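Please read the structure below before turning to the comments.
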Amino acid sequence: MKKITLILLVALLASCVGRDDVSFTGVNSYELKLPSAVDVSLGVENRSGTKLLLRSCELQVYYRGNDFMKVTLAGPATVPAHFAGNVPLSFRLGMDNPLSALMVMGNPRRAAESMTVSGEIIVRAGIKRKKIKIDNQPVKQLMTSFGISY
């Protein structure tokens, strides 16, 4: 019984990943596959000894308070332990308002100032699962909270 308890304790400690152990260096590239997908290369540094798994990401983007787009992770993504580099991510896009899309494409940086995001992201680190809820957060603030320069 003591061996089982010790093994569980070691497994639990090994799966601990602190907030400072993972950082994002930015979006290194993206390829828009109109009208319904985007591939992103995200710079990530995982200094922990634990593999990270991005299980799901479902976000609703609002432009000036109106539904604009739904962004969904197309498939899980893995960040190996002790990793620094680019992680490819594929997202499905669902446009709610095509007219707003035209306005955003005209000046995306300025339009981002009028955008907010709601939804949830589920990440797994070892045996721990973390659900990150986002509630009507401005895009700039969301990116900054994940360490991505805007």
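Since we're looking at a predicted model, the values are computed, not measured.
Rounding to the nearest 0.5 Å places CE of M95 at 9.5 Å from OG of S36. Between N86 atom CG and L42 atom CG the span is 8.0 Å, to the nearest 0.5 Å. With rounding to the nearest 0.5 Å, the separation of CD1 in I134 from CG in L59 is 5.0 Å. To the nearest 0.5 angstrom, K128 atom NZ is 9.5 Å from T50 atom OG1. Annotation: the span from F83 atom CZ to K51 atom NZ amounts to 13.5 Å, rounded to 0.5 Å.
Residue pairs meeting the salt bridge (charged side-chain N to carboxylate O under 4.0 Å, His left out) criterion with at least one member in residues 23-43, sequence neighbours excluded: K33-D39.
The shortest distance between side-chain heavy atoms of L32 and L93 falls below 4.5 Å. Put simply, the side chain of V123 does not reach to within 4.5 Å of the side chain of L53, judged on heavy atoms.
In this structure, N46 contributes its side chain and P80 its backbone to a donor-acceptor pair below 3.5 Å. Using modelled atom types, no side-chain atom of E58 and backbone atom of L73 make a donor-acceptor pair closer than 3.5 Å.
Applying the side-chain hydrogen bond (donor to acceptor under 3.5 Å, both in side chains) criterion to N136, with sequence neighbours excluded, gives T116. In this view, K130 and I132 satisfy the side chain to side chain contact (heavy atoms under 4.5 Å, CB included) rule, not counting sequence neighbours. For A74, the side chain to side chain contact (heavy atoms under 4.5 Å, CB included) partners are S90, R92, not counting sequence neighbours. With sequence neighbours excluded, the residues that form a side-chain hydrogen bond (donor to acceptor under 3.5 Å, both in side chains) with E45 are R47. With sequence neighbours left out, I122 forms a side chain to side chain contact (heavy atoms under 4.5 Å, CB included) with R55, S56, E120, R129, K131. Qualifying side chain to side chain contact (heavy atoms under 4.5 Å, CB included) partners for S114, counting only residues two or more places apart in sequence or in other chains: Y63, R64.
Under the 4.5 Å side-chain contact rule for hydrophobic residues, I121 and V117 share a cluster. Under the 4.5 Å side-chain heavy-atom criterion for Ile, Leu, Val, Met, Phe, Trp and Tyr, L89 and V139 are members of the same hydrophobic cluster.
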Inset, instruction - Begin from the C-alpha positions of Y62 and S118 and carry the test side chain to side chain contact (heavy atoms under 4.5 Å, CB included) through to its verdict. - result: CA-CA 8 Å; Y62 302 94; S118 294; 3.7 Å; yes
Legend entry - Stepwise side chain to side chain contact (heavy atoms under 4.5 Å, CB included) check, V44 with T25: CA-CA 6 Å; V44 179; T25 58; over 6 Å; no
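The minimum heavy-atom distance between A77 and P88, with the atom names listed, is CB-O, 4.3 Å. Nearest approach of F68 to M115, heavy atoms of both residues: CE2-CE, 3.7 Å.
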